[in-house]
Amino acid sequence: MQTIVLGSSSITRAELLTKFGVPFIQRDPGFDEESLRIADPAHFVYHATKGKMQSYLETYDLEMPVLCADTVVTANGQILRKAKDKADAKRILEAQSGNTVSILSCMIYKSKTIELIDLSTTDYLFLPFEPKALHDYLESDEWKGKAGACMVEGFCKSYIKEVVGLESTAMGLSVEKLLPFLPL
Ligand SMILES: Nc1nc2c(ncn2[C@H]2C[C@H](O)[C@@H](COP(=O)(O)OP(=O)(O)OP(=O)(O)O)O2)c(=O)[nH]1
C-alpha cells in the first residue's frame, strides 16, 4: 500500500492508521481551529478539517496523498472541545456522565486523483461515571489533548451502555471508511 501523509499531530490518529496497517508519515497541518467561531458541531468539524487541509496545501504538494481530520464531542447540544485544565476536564466529563454523547469526526483525504470527505458520528449512552474512577482519571492527565477529555477505549469504555457507530470515529479517524480509497 502506498505511503500517505497524516496531516495531523494526533497520536491517536497515528495509532489508528498503524492498527489498520496503513503506511504513513506524519506532518502537522499548521491550522488553529480555535480561530473558528462556529456553534454547530457538524459545521465546526467540517470547517476545521477544511482549514487543516488548506493550511497543509499552502506548504506541501500532493506528491503524496494527504489525510486531515477533526473531532468534537457534543452533549446537551454543546460542543465539548479539548479541556483547558483539570477543572475544565472535570466539567466536560461531568456533562457526559450518565448522558447521551455524540462524537463527530470529519476527515478529508486528497490525492492527485480523488478527494474523499467523510463526516461520521458515533453516539454513546454512558452510565454515570463512578466518582473515584473519575477522580483517578483526572489525576492521570490521560484526558489531555483529547476532544471532550474522552477516551472511549479507556476511561469511558466501562460506562458504555449503548453505542451506535464506529469506535474509530469516536477516537478521531473513521479508518474503515477510508480503506477502500487508499492506493495499493
Ligand atoms: N485516545 C483517544 N483519543 C481521542 C478520543 N477522542 C478524541 N481523541 C483525540 C483525537 C485527536 O487527537 C483529538 C481531537 O482533537 P483534534 O481533532 O483537534 O486533533 P488534534 O489537535 O489532536 O490533532 P490535529 O489538529 O489533527 O493536528 O482527540 C478517544 O476516545 N480516545
Side-chain angles (χ1 to χ4, degrees), residues 4-20 22 24-38 41-60 66-75 78-84 88-89 92-93 95-97 99-110 117-126 129 133-134 137-138 140-160 163-176 178:
I4 68 170
V5 176
L6 173 58
S8 169
S9 59
S10 168
I11 295 169
T12 304
R13 292 191 177 112
E15 289 170 349
L16 284 166
L17 288 182
T18 300
K19 175 184 172 185
F20 283 89
V22 178
F24 68 95
I25 61 170
Q26 204 163 355
R27 289 171 177 162
D28 188 315
F31 179 74
D32 176 17
E33 62 261 37
E34 297 305 325
S35 60
L36 295 177
R37 293 286 175 268
I38 301 172
H43 287 228
F44 183 94
V45 286
Y46 170 74
H47 286 289
T49 308
K50 283 288 277 184
K52 292 175 184 181
M53 180 61 76
Q54 285 163 353
S55 175
Y56 175 87
L57 294 174
E58 285 168 7
T59 303
Y60 302 99
V66 56
L67 173 67
C68 294
D70 194 67
T71 301
V72 293
V73 175
T74 69
Q78 297 172 5
I79 295 183
L80 305 174
R81 309 290 321 286
K82 290 179 218 160
K84 295 174 181 57
D88 196 30
I92 289 171
L93 287 161
Q96 300 174 66
S97 176
N99 206 350
T100 300
V101 173
S102 293
I103 306 181
L104 293 78
S105 281
C106 181
M107 66 179 174
I108 300 178
Y109 170 80
K110 195 170 176 67
I117 300 177
D118 176 84
L119 204 167
S120 294
T121 301
T122 297
D123 296 325
Y124 290 96
L125 174 56
F126 287 137
F129 300 155
L134 176 57
Y137 178 55
L138 288 166
S140 76
D141 283 354
E142 283 188 300
W143 48 269
K144 287 184 177 177
K146 299 192 175 57
C150 181
M151 289 183 75
V152 294
E153 83 286 9
F155 170 74
C156 301
K157 196 171 186 75
S158 58
Y159 299 101
I160 298 172
V163 52
V164 177
L166 296 171
E167 181 180 74
S168 61
T169 298
M171 290 180 68
L173 196 65
S174 309
V175 185
E176 296 91 324
L178 173 68

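Remember, it's 1-based here, ligands and their atoms both numbered in the order they're listed. Sequence positions, counted from 1, serve as the residue numbers for this chain.
The aromatic rings of Tyr137 and Phe155 sit parallel to each other, their planes meeting at less than 30°, with 60° as the upper class boundary. The aromatic rings of Tyr124 and Phe126 lie parallel to each other, with less than 30° between the two planes, well short of the 60° mark.
In this structure, the protein non-hydrogen atom closest to atom 19 (O) of ligand 1 is Arg13 NH1, 3.0 Å. Ranking protein heavy atoms by distance to atom 30 (O) of ligand 1, first place goes to Val152 N, 2.9 Å. Scanning all protein heavy atoms for the shortest distance to atom 25 (O) of ligand 1 gives Lys52 NZ, 2.7 Å. The nearest heavy-atom contact from the protein to atom 10 (C) of ligand 1 is Met171 O, 3.3 Å. Considering only non-hydrogen protein atoms, atom 28 (O) of ligand 1 sits nearest to Ala147 N, 3.0 Å. The protein heavy-atom contact nearest to atom 20 (P) of ligand 1 is Lys82 NZ, 3.6 Å. Here the protein heavy atom with the shortest distance to atom 3 (N) of ligand 1 is Thr12 OG1, 2.9 Å. When hydrogens are left out, the protein atom nearest atom 6 (N) of ligand 1 is Ala170 O, 3.0 Å; that is the closest non-hydrogen contact.
Counting heavy atoms closer than 4.0 Å to ligand 1, residue Pro29 contributes side-chain atoms (C-beta onward) but none from N, CA, C or O. With a 4.0 Å heavy-atom cut-off, ligand 1 is reached by no atom of Glu15.
One finds the CD1 atom of Ile103 at 8.5 Å from the OG1 atom of Thr74 (value rounded to the nearest 0.5 Å). Between the SG atom in Cys156 and the CE atom in Met151 there is a gap of 8.5 Å [rounded to 0.5 Å].
Counted within 6.0 Å of CG on Leu125, heavy atoms from surrounding residues, nucleotides or ligands total more than 12; the atom is thus considered enclosed.
Proximity to Glu153 (heavy-atom distance under 4.0 Å) selects the following atoms of ligand 1: 1 (N), 2 (C), 29 (C), 30 (O), 31 (N). With ligand atoms numbered from 1 in the order given, ligand 1 contributes 16 (P), 17 (O), 18 (O) to contacts under 4.0 Å with heavy atoms of Asp70. Atoms of ligand 1 found under 4.0 Å from any heavy atom of Glu33, numbered from 1 in the order shown, are 16 (P), 18 (O). Each of the following atoms of ligand 1 lies closer than 4.0 Å to a heavy atom of Cys150: 5 (C), 6 (N), 29 (C), 30 (O), 31 (N).
For the residue pair Ser9 and Gln26, no side-chain donor N or O sits within less than 3.5 Å of a side-chain acceptor on the partner. Between the side chains of Ser102 and Asp123, at least one donor N or O sits under 3.5 Å from an acceptor N or O.
Formation of a donor-acceptor pair under 3.5 Å by the Arg13 side chain with backbone atoms of Gly172 is found in this model.
Proximity of Asp28 to ligand 1 is not established, as no heavy-atom distance is less than 4.0 Å.
A salt bridge does not link Lys50 with Glu33: every distance from a Lys NZ or Arg NE/NH1/NH2 to an Asp or Glu carboxylate oxygen is 4.0 Å or more.
For the residues Ser168, Ser10, Gly172, Ser8, the heavy atom positioned nearest atom 11 (C) of ligand 1 is part of Ser10.
Relative to the six-membered ring of Tyr60, Arg27 meets both conditions, a distance below 6.0 Å and an angle of at most 45° to the axis.
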